[in-house]
K.L.:
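Just dropping this structure here.
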Amino acid sequence: MYKIISCTLVVIFHVSLTTGNSPKYVYYDRNTFSSLQCDQCPPGTFVKQDCTAERSTECAPCPYRHYADQWNSDRDCQFCSAVCKELQVVKQECNSTNNRLCVCIDGFFLDVEFCLSHGECPPGSGVVQPGTPDSNTVCGECPKGTFSNVTSATAPCQRHTNCKKRGLNVARKGSSMYDTVCQEESSRSCEIDVTLCEEALFRFPDNPTNWLSVLVQRLPYTTSQQIDLIKQIYNSEEQPFYLFKLYKSQNKEYDSFKRLIQDIDVCEKGVLKHVGHLNVTVKHLVTLMQSLPGNPINKEDIKTTVKSCTRPKQILKLLSLWRNKNEGDTIKALKELKTNQLEKPLRRQMKKLGHFLNSVSMYRLYQKIILEMNGNQTQLMKLDTL
Ligand SMILES: *[C@@H]1O[C@H](CO)[C@@H](O)[C@H](O)[C@H]1NC(C)=O
Ligand SMILES: *[C@@H]1O[C@H](CO)[C@@H](O)[C@H](O)[C@H]1NC(C)=O
Ligand SMILES: *[C@@H]1O[C@H](CO)[C@@H](O)[C@H](O)[C@H]1NC(C)=O
Ligand SMILES: *[C@@H]1O[C@H](CO)[C@@H](O)[C@H](O)[C@H]1NC(C)=O
């Protein structure tokens, strides 16, 4: 009983292997003058002997370093490729069914014949599809709300930091090239980012000085990365403020610099004289902030500022918050302030402050500082041509 079954199985197996699934090829048998349908040989083998009317095709395994990757009627197998190309490594060694498979090394892809290095996506765009051994990197411009500040073959665009989620304020909105900069509890720290005097100095009307180049020329080479970062983050109108900060941090030791700081201090004291003695309430300050153009500072921030800053600094801090929020020109805003809603003493003082920041004494300060930054030998005129 068992014997019969196993015998049947063998027969079935034989049939399916040789006649069931195998593709055929036509062979003309010269001995019998007949045309035969022979079985092809499976991958890894070649035809050692064609079939006859009595027996099926005889296949033999491919010899060492040869392969056949298809069903075939070939008399021999193909040679495996001997070596890989430049910048390639063996991914799969040759065996009887596959040729040796070479791929470009990491970071390279095959472009027709040669391995080329994966392209890098410049700042403002990110990797959408990383390169493979067969395909180049695919870059895409960073969509709204994302950025990339690096040149990279791997880095995708990243989401802008969500300041609100962290309980922080936005100090500077992000772009496709740089991240949003958050400001820590801005209304709580009384530190002022850019003072009115610095603004007045660098925004002097009909400004003949190219502050950007003056400042950059006076900054040491070692700060070039910081300079680049400033240029990346801030628009050209704002860059002088932050370059000047950098300049200040680099020149604390020098006498001419100390004179410069003294001059600016004189100006800062003048500013305080105008606003320091004002007895203003939150309500007054809300009105003042609403009289400025652009996005107003909200009441919460005003309340916090009043709580945490001493009176002389309150108004200055709020103006600084306004400037940051609007990327605004405070000097111009003070000049164009809509004062009709303001309380009389406040109105008067804000007008005076506006005049002070556009006055002749500011012009003198401006000239002095140019001379000091430039050294006494250099002519003022020379700056115009920079
Ligand atoms: C040859 O290599 C390929 C790829 O690794 C594998 O799929 C195949 O089974 C191998 N053939 C033999 C006969 O070992
Ligand atoms: C890129 O942005 C990240 C996140 O703001 C920052 O940490 C990093 O220093 C920046 N890198 C460059 C090269 O600007
Ligand atoms: C400031 O004004 C408030 C209310 O107008 C008043 O109560 C307070 O005494 C004033 N303080 C000073 C120092 O003038
Ligand atoms: C530049 O000139 C001023 C005023 O004449 C003088 O006080 C100062 O010492 C001079 N500075 C240099 C570096 O010569």
Side-chain angles (χ1 to χ4, degrees), residues 17 21-22 40-48 59-72 74 76-84 88-104 120-127 132-134 137 139-184 186 193 216 219 221-236 238-239 242-243 245-246 249 324 327:
L17 183 72
N21 296 334
S22 320
Q40 290 190 8
C41 287
T45 64
F46 67 103
V47 176
K48 194 173 174 199
C59 303
C62 292
Y64 183 59
R65 289 200 183 284
H66 286 67
Y67 74 99
D69 55 3
Q70 310 269 335
W71 283 85
N72 66 86
D74 299 337
D76 45 30
C77 297
Q78 289 171 274
F79 273 115
C80 289
S81 313
V83 288
C84 290
Q88 287 189 332
V89 288
V90 176
K91 188 181 178 203
Q92 230 142 55
E93 257 311 344
C94 154
N95 67 16
S96 63
T97 56
N98 286 89
N99 191 5
R100 167 185 262 174
L101 187 60
C102 299
V103 292
C104 297
E120 294 183 317
C121 306
S125 72
V127 175
T132 67
D134 301 314
T137 320
C139 301
E141 285 196 6
C142 291
K144 212 169 174 226
T146 67
F147 78 103
S148 167
N149 61 355
V150 288
T151 300
S152 160
T154 54
C157 299
Q158 292 177 276
R159 292 205 153 282
H160 286 145
T161 302
N162 186 337
C163 299
K164 269 217 174 106
K165 237 181 182 170
R166 299 190 185 179
L168 303 174
N169 291 337
V170 174
R172 186 87 30 191
K173 254 196 319 195
S175 75
S176 65
M177 302 238 266
Y178 56 84
D179 196 5
T180 301
V181 180
C182 303
Q183 204 171 37
E184 196 173 337
S186 58
D193 195 20
V216 167
L219 283 162
Y221 179 70
T222 48
T223 58
S224 69
Q225 263 192 333
Q226 286 158 287
I227 294 171
D228 283 348
L229 194 62
I230 286 172
K231 288 191 165 176
Q232 227 180 71
I233 293 181
Y234 299 103
N235 68 37
S236 58
E238 304 248 311
Q239 286 167 17
Y242 297 93
L243 290 173
K245 268 188 206 293
L246 191 57
S249 70
N324 257 331
E327 295 191 6

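This chain uses plain numbering: 1 for the first residue, then up along the sequence. When a ligand or atom number is given, it counts from 1 through the structure's own listing order.
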K.L.:
Applying ring pair (Phe, Tyr, Trp, His ring centres under 6.0 Å), name anything that partners Tyr67, two or more places apart in sequence or on another chain.
P.N.:
none
K.L.:
Could you tell me whether the side chain of Asn149 and the main chain of Asp179 form a donor-acceptor pair under 3.5 Å?
P.N.:
no
K.L.:
Using the side chain to side chain donor-acceptor pair (under 3.5 Å) criterion, which residues pair with Thr151? Sequence neighbours excluded.
P.N.:
none
K.L.:
Using modelled atom types only, decide if a donor and an acceptor are shared between the side chain of Thr161 and the backbone of Cys163 within a distance under 3.5 Å.
P.N.:
no
K.L.:
For Glu141, check salt bridge (Lys or Arg N to Asp or Glu O under 4.0 Å) against everything at least two apart and list the hits.
P.N.:
none
K.L.:
Evaluate the side-chain proximity of Pro61 to Ser96: yes if any heavy-atom separation is below 4.5 Å, no if none is.
P.N.:
no
K.L.:
Using a 4.0 angstrom limit on heavy atoms, which residues are close to ligand 1?
P.N.:
Gln92, Asn95, Ser96, Thr97, Asn98
